[in-house]
Amino acid sequence: MSETVPPPHPIAERHFDHSAIEAKWQGVWAAERTWEVPREADPADARPRAYVLEMLPYPSGEPHIGHLKNYAIGDAIAHFKRRNGFQVLHPMGYDAFGLPAENNAIKTGTPPRVATDASIASFQRAFRSWGISIDWSREFGTHTPEYYRWTQWIFLQFYERGLAYRKESAVNWCPQDQTVLANEQVVNGHCERCGAAVELRQLEQWQFKITDYADRLLDDLDTIDWPEHVKTQQRNWIGRSQGAEVQFRCTANGRDYTVFTTRPDTLFGATFFVMAPEHPDVLRLAAGGPHESAVRDYVNHALSESSEERGSAEKTKTGVPLGTTVTNPVTGEEIPMWVADYVLMEYGTGAVMGVPAHDERDHAFARAYDVPIRRVVASEVDELPYTGDGPLVNSGRFDGLHNRDAYGEIVGWLARQGIGRASTNYRLRDWLLSRQRYWGCPIPIIHCPDCGLVPVPEAELPVRLPDIDEYQPKGQSPLAAATDWVNTTCPRCQGPARRETDTMDTFVDSSWYFIRYCDARNDTAAWERRLVDAWMPVDQYIGGVEHAILHLLYARFFVKALADIGLLGFQEPFRALFTQGMILGPDGSKMSKSRGNVISPAPLVARYGADAARTYILFIGPPDQDAPWNESSLEGVHRFLTRLWRQSEELVALGARVEAGGAGVGWGLDTGGAARPTDDLTLLRKTHWAVDKVTHDLDGRFAFNTAVAALMELVNELYRHPDATPAVRAFATATAASLLFPFAPHVACEVYERLTGERVWEQPWPVADPDFLTAEQFELVCQVNGKVRARVPAPTGADRERLEELAFAAPGVASHTDGHEIIKVIVVPDKLVNIVVRQGAP
RNA sequence: GCGGCUGUGGCGGAAUUGGUAGACGCGCAGGCUUCAGGUGCCUGUGUUCUUUGGGACGUGGAGGUUCGAGUCCUCUCAGCCGCACCA
């Protein structure tokens with residue numbers, strides 16, 4: 001049973017009718033297309049530009065509360081920028097391809113396109129009902145032929161330059177989703193999307209050559225204003241490590257096998273050699289040897305295991321000797337070759353040298369199989385493995401050299417012998433982009449028995465996704481069954497040929513959408529560079545941390561590749577990034593259907609209004625942190641909006657009006673503060689204080705919560721001074737509305753219009769008058785030995801002597817200083833006096 | 001294990017450069033308004049002692065620097081997130 005919802009309050013006069021107010025202003029913005037910016041900039045428009053963007057939503061069902069938070073933050077920033085003289089691009093679109101719609105189709109038979117379009121319609125309604133200031137003229141879904149035509153075009157640009165290629169390799173296969181996955185989509189051996197344990201399969205798949213960009217993706221992180229934890233995650237993901245390649249000659253077949261090592265200084269301690277089970281030479285090397293069948297069994301077992309089963313660092317090391325040896329190039333010793341699953345084929349060369357004295361994994365392996373362990377780095381402790389620094393021992397002519405120095409010496413020696421060199425390795429692997437599923441962008445390639453892979457000619461784009469009846473995947477894309485579509489002619493030889501039936505990973509669609517927004521209706525090109533360069537990079541990007549690696553890394557790769565092709569004039573897509581925290585359920589845990597703690601935006605907006613819902617979400621706490629939902633606090637925010645609105649009602653009844661304007665001064669009020677009655681002056685001061693506070697909180701600080709708190713203080717102050725001059729109260733109320741506009745645009749517009757007759761979004765952001773920011777008196781804090789003993793009024797700007805005098809005279813101070821020796825007195829002007837006395841008996 | 005983040009009242013959270021800890025909101029208590037109300041308004045609200053003047057304690061814990069520490073330094077505990085056999 002869900003909690004009974006109390007009946008709505010009868011709308012008394014003192015409650016504002018949020019539904020009517022929100023409908024009114026949403027109508028104005030829709031009819032006047034208020035938030036559109038023209039494709040071609042007006043040359044007379046000298047305003048600087050700002051591109052504010054929230055991550056585009058995946059349209060599935062109805063928007064959830066996380067969407068509301070994302071777009072409330074973005075909208076506040078967009079409005080603040082606009083009111084501060086920027087021309088702001090703030091568009092919206094839908095990441096509309098993807099598995100949930102397709103899985104739904106398998107279950108219900110509803111075509112993905114139908115379900116997706118229905119969901120998009122509900123997102124559109126929601127965004128309008130929330131009053132988000134979107135440039136609707138640039139809206140699109142990534143599943144429309146008008147968009148994916150250009151996704152395909154970009155793919156072909158990459159293909160022509162070797163950035164998109166086919167490769168057979170061990171790939172991650174999700175048995176649940178029946179498709180391969182990119183590395184980034186495997187989390188702890190499980191499918192990032194559905195959670196099924198991922199298997200390894202040897203398949204030929206389409207890949208993007210993101211590894212070509214590893215260095216730039218890493219180094220350019222220093223040029224962007226992103227949260228440090230996101231940069232760190234990307235750095236770790238790319239995983240650049242410096243080391244050396246060393247060749248070991250096999251005594252059986254005379255071939256050289258190369259290993260990558262970060263510790264060439266420990267080469268003399270290499271007492272064995274290990275290959276990954278997937279290494280192509282493993283079975284060949286074991287053939288005819290004493291362990292041939294054991295090796296075969298071991299390899300087969302390893303290959304059949306899921307990446308989860310294969311395990312982690314804690315797992316006991318296992319392996320089988322191949323029965324052959326390699327020569328340690330520096331000692332000349334023959335050392336045994338092994339196959340072991342702790343060596344990964346995907347990293348380095350798929351083979352490693354085993355240095356059990358100075359590597360934890362090699363040590364564990366050597367202990368398990370009684371392989372000799374030889375210390376080559378001396379240390380004070382006897383315990384092995386020792387991974388620290390020290391002078392070399394047992395290392396021939398390098399003995400005595402510090403290992404850090406020996407590193408370069410040994411690499412140099414290897415290079416001169418032609419058996420090694422300095423080298424850099426990366427954890428990052430190429431982006432596997434093909435998916436054996438239907439609801440994605442078709443890969444515009446034709447397989448011709450004679451010509452091989454042939455790109456679809458540009459003039460024939462888009463390759464349209466055909467309608468199908470059977471969505472169930474069977475190890476290959478459901479598209480393979482669409483024979484009319486699959487069978488085609490080769491563009492090169494005109495012979496019979498087949499279309500590629502795999503579709504693209506949906507992360508491809510979202511890797512360039514932010515570019516398309518700059519020229520969204522172009523039907524002759526993906527974009528015109530001049531228009532894109534005018535807006536990009538995105539000045540402020542806002543989204544969830546869950547995309548720290550996936551989307552944000554892919555988008556960066558796309559921009560760099562497209563810039564290299566000459567299509568873009570910048571290197572990074574998102575100059576600044578803000579990652580929002582999650583809204584948790586009222587119980588403090590992550591919202592989920594199974595927990596039954598999901599809060600939906602629609603009923604909230606209906607009951608409290610979009611303004612209250614948005615303002616509450618921003619008030620709840622720092623927006624980059626998680627925070628639990630609390631409906632009572634939302635009611636508090638609604639109460640605050642009501643209190644503001646009621647002030648305007650009362651003032652309108654009194655006939656109070658003020659001139660619209662942003663400066664604060666020149667609103668028909670004289671600034672001769674001191675001459676005014678106390679009520680007026682206090683209210684004016686509070687108003688200017690709020691202008692100053694909200695401006696600073698919004699200006700790059702994302703401190704929406706304290707900005708809202710300041711506005712609450714201002715409104716409370718209004719209630720405390722009902723006797724202030726109506727004009728002053730109107731000024732304070734209109735200013736509060738003006739400052740509130742980025743959070744609660746509808747009620748802000750209504751209040752502002754009632755008091756000024758103007759539209760608040762057409763007014764510049766208010767500017768605080770410094771004359772009102774300082775009072776002629778302040779509260780002097782009087783401390784003795786750091787403890788507050790009194791607070792007394794003191795004149796602002798008083799000199800040290802005067803403040804000291806006041807402090808000593810303050811009531812309650814003398815009893816703590818009398819009879820004690822005064823050691824010194826600290827005076828902080830306009831703030832405090834601290835009297836330091838000797839402790840103990842007088 | 002490595003890397004990162006966070007610990008402040010009953011709750012969410014405030015606190016530019018070290019300078020009044022607890023802004024603002026919720027909750028709670030009391031009062032006023034109201035035929036009534038889950039409405040509105042006002043007041044109070046860290047803990048504790050108190051002779052009702054005030055005092056002591058207080059930002060996960062322990063030390064330290066300083067006239068003064070939520071803030072800086074060292075150690076430590078707890079929770080969350082990311083990576084996890086990457087040679």
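Proteins get letters first, then strands, A, B, ... in listed order; numbering begins at 1 in each.
One can place CD of A:E360 at 13 Å from P of B:A87, the figure rounded to the nearest angstrom. If you measure from atom CG of A:L711 to atom P of B:C24, you get 13 Å, rounded to the nearest angstrom. Nucleotide B:A87 holds its P atom 19 Å from the CE atom of A:M275, rounded to whole Å. Counting to the nearest Å, the C1' atom of B:A23 and the CG atom of A:D692 are 16 Å from each other. Rounding to whole angstrom units, CZ of residue A:R720 and C1' of B:C24 are separated by 11 Å. The separation between A:H358 atom NE2 and B:A87 atom P is 17 Å, rounded to whole Å. Rounded to whole Å, atom P of B:A87 lies 12 Å from atom CZ of A:R263. In this structure, the CD1 atom of A:I583 is 12 Å from the P atom of B:G13, given to the nearest Å.
Annotation: cation-pi geometry not satisfied between A:K317 and A:F365 (NZ/CZ under 6.0 angstrom from ring centroid, within 45° of ring axis).
Pairing for B:U52 is absent, judged as Watson-Crick or G-U wobble with the two contacts each under 3.5 Å. Here B:C72 sits opposite B:G64 as a Watson-Crick or G-U wobble pair (both hydrogen-bonding atom distances under 3.5 Å). Within the shown strands, B:G79 is the pairing partner of B:C5 under the Watson-Crick or G-U definition, both distances less than 3.5 Å. In this structure B:A14 sits in no base pair that meets the Watson-Crick or G-U test at under 3.5 Å. In this structure, B:A87 makes no Watson-Crick or G-U wobble pair, since no nucleotide meets both defining distances under 3.5 angstrom. When both pairing distances are held under 3.5 Å, B:G58 makes no Watson-Crick or G-U pair with any nucleotide shown. Across the strands present, B:A23 finds no partner; the criterion is a Watson-Crick or G-U wobble pair with both atom distances under 3.5 angstrom. The partner of B:C28, taking Watson-Crick or G-U wobble pairs whose two distances both stay under 3.5 Å, is B:G44.
Separation of the P atoms belonging to B:C42 and B:C26 is 12 Å when rounded to the nearest angstrom. Spacing of P atoms, B:C11 relative to B:U16, comes out at 23 Å, to the nearest Å. Between B:C57 and B:G70, the two P atoms lie 13 Å apart (nearest whole Å). B:G10 and B:C28: their P atoms are spaced 16 Å apart (whole Å). As rounded to the nearest Å, B:A14 and B:U8 have P atoms that lie 11 Å from one another. Annotation: B:G25 and B:U43 have their P atoms spaced 11 Å apart (nearest Å). Remark: the separation of the C1' atoms in B:G22 and B:U71 is 15 Å, to the nearest Å. On the P atoms, B:G54 is 31 Å away from B:A15, given to the nearest whole Å.
Taking the syn range as angles within 90° of 0, the glycosidic angle of B:G9 is syn. Classified by its glycosidic torsion, B:G53 falls in the syn category, the angle being within 90° of 0.
Within the structure, a side-chain polar atom (N or O) of A:N716 is placed less than 4.0 Å from OP1 or OP2 of B:G25. A:S241 has a side-chain polar atom (N or O) that falls below the 4.0 Å cut-off from OP1 or OP2 of B:A87. OP1 and OP2 of B:C67 both lie 4.0 Å or more from every side-chain N or O belonging to A:K787. The phosphate of B:C41 (OP1 or OP2) has a side-chain N or O of A:R643 nearer than 4.0 angstrom. Of the side-chain N and O atoms in A:K831, none sit less than 4.0 angstrom from OP1 or OP2 of B:G19.
When each of A:H229 and A:N630 is assigned the nucleotide of RNA chain B bearing its nearest heavy atom, the one mapping closer to the 5' terminus is A:H229. In terms of position on RNA chain B, the residue among A:I826 and A:T349 whose nearest nucleotide sits closer to the 5' end is A:I826.
Counting only heavy atoms from C-beta on, A:M712 has its side chain closest to B:C24 among B:C24, B:C85, B:U20. With B:C26, B:C41, B:G4 as the choices, the nucleotide that has an atom nearest any side-chain atom of A:R646 turns out to be B:C41. Considering only the side chain of A:R789, B:A56 comes nearest among B:G40, B:A56, B:U6. For A:N834, counting side-chain heavy atoms from C-beta on, the closest listed nucleotide (B:G19, B:C85, B:U20) is B:G19. When each of B:C85, B:G13, B:A87 is scored by its nearest atom to the side-chain atoms of A:T261, the top-ranked nucleotide is B:A87. For A:V788, taking side-chain heavy atoms from C-beta onward, the closest of the listed nucleotides B:G19, B:A21, B:A87 is B:A21. In this structure, of B:U20, B:A84, B:A87, it is B:U20 that holds the atom nearest to the side chain of A:E779. Residue A:F619 has its side chain nearest to B:G12 when only B:A21, B:G27, B:G12 are considered. Among the nucleotides B:G19, B:A87, B:G40, the one closest to any side-chain atom of A:L832 is B:G19. Between B:G4, B:C83, B:G13, one nucleotide has an atom nearer to the side chain of A:R427 than all others, and that is B:C83.
Checked by atom type, the side-chain pair A:E184/A:W237 shows a donor-acceptor distance below 3.5 Å. One side chain, A:T318 or A:Y298, offers a donor N or O that lies under 3.5 Å from an acceptor on the other. A donor atom on one side chain and an acceptor atom on the other are not found under 3.5 Å apart for A:R427 and A:N236. With no hydrogens or angles considered, no side-chain donor-acceptor pair links A:Y616 and A:N630 at under 3.5 Å.
Under the 3.5 Å distance criterion, the side-chain polar atoms of A:Q247 are left unmatched by any main-chain donor or acceptor of A:P329.
Among the protein residues, A:Q783 comes within range of the nucleic acid bases, having at least one heavy atom under 4.0 Å from a base atom. Using a 4.0 Å heavy-atom criterion, one finds that A:V352 contacts the bases of the nucleic acid, with or without backbone contacts as well. Residue A:G636 is in sugar-phosphate contact alone, with no base atom involved, counting any heavy-atom pair closer than 4.0 Å across all strands shown. A:Y426 comes within 4.0 angstrom of nothing in the nucleic acid, heavy atoms only. Among the atoms of the strands shown, base atoms are found under 4.0 Å from some heavy atom of A:V343. Among the atoms of the strands shown, none is found under 4.0 Å from any heavy atom of A:N425. Among the heavy atoms of the strands lying under 4.0 Å from A:I620 are primed sugar atoms or P, OP1, OP2 only; no base atom is included. Residue contacts for A:R240: at a heavy-atom cut-off of 4.0 Å it reaches no nucleic acid atom on any strand shown.
Aromatic ring orientation, A:H18 versus A:F16: perpendicular (interplanar angle above 60°, classes split at 30° and 60°).
Annotation: the span from A:M712 atom CE to A:F640 atom CZ amounts to 5.5 Å, rounded to 0.5 Å.
A:I224 and A:K231 get closest at one heavy-atom pair: O-NZ, 2.8 Å.
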| request: May I have the step-by-step check of side chain to side chain donor-acceptor pair (under 3.5 Å) for A:D830 and A:T796, ending in yes or no? | output: CA-CA 6 Å; A:D830 292 345; A:T796 305; 5.2 Å; no
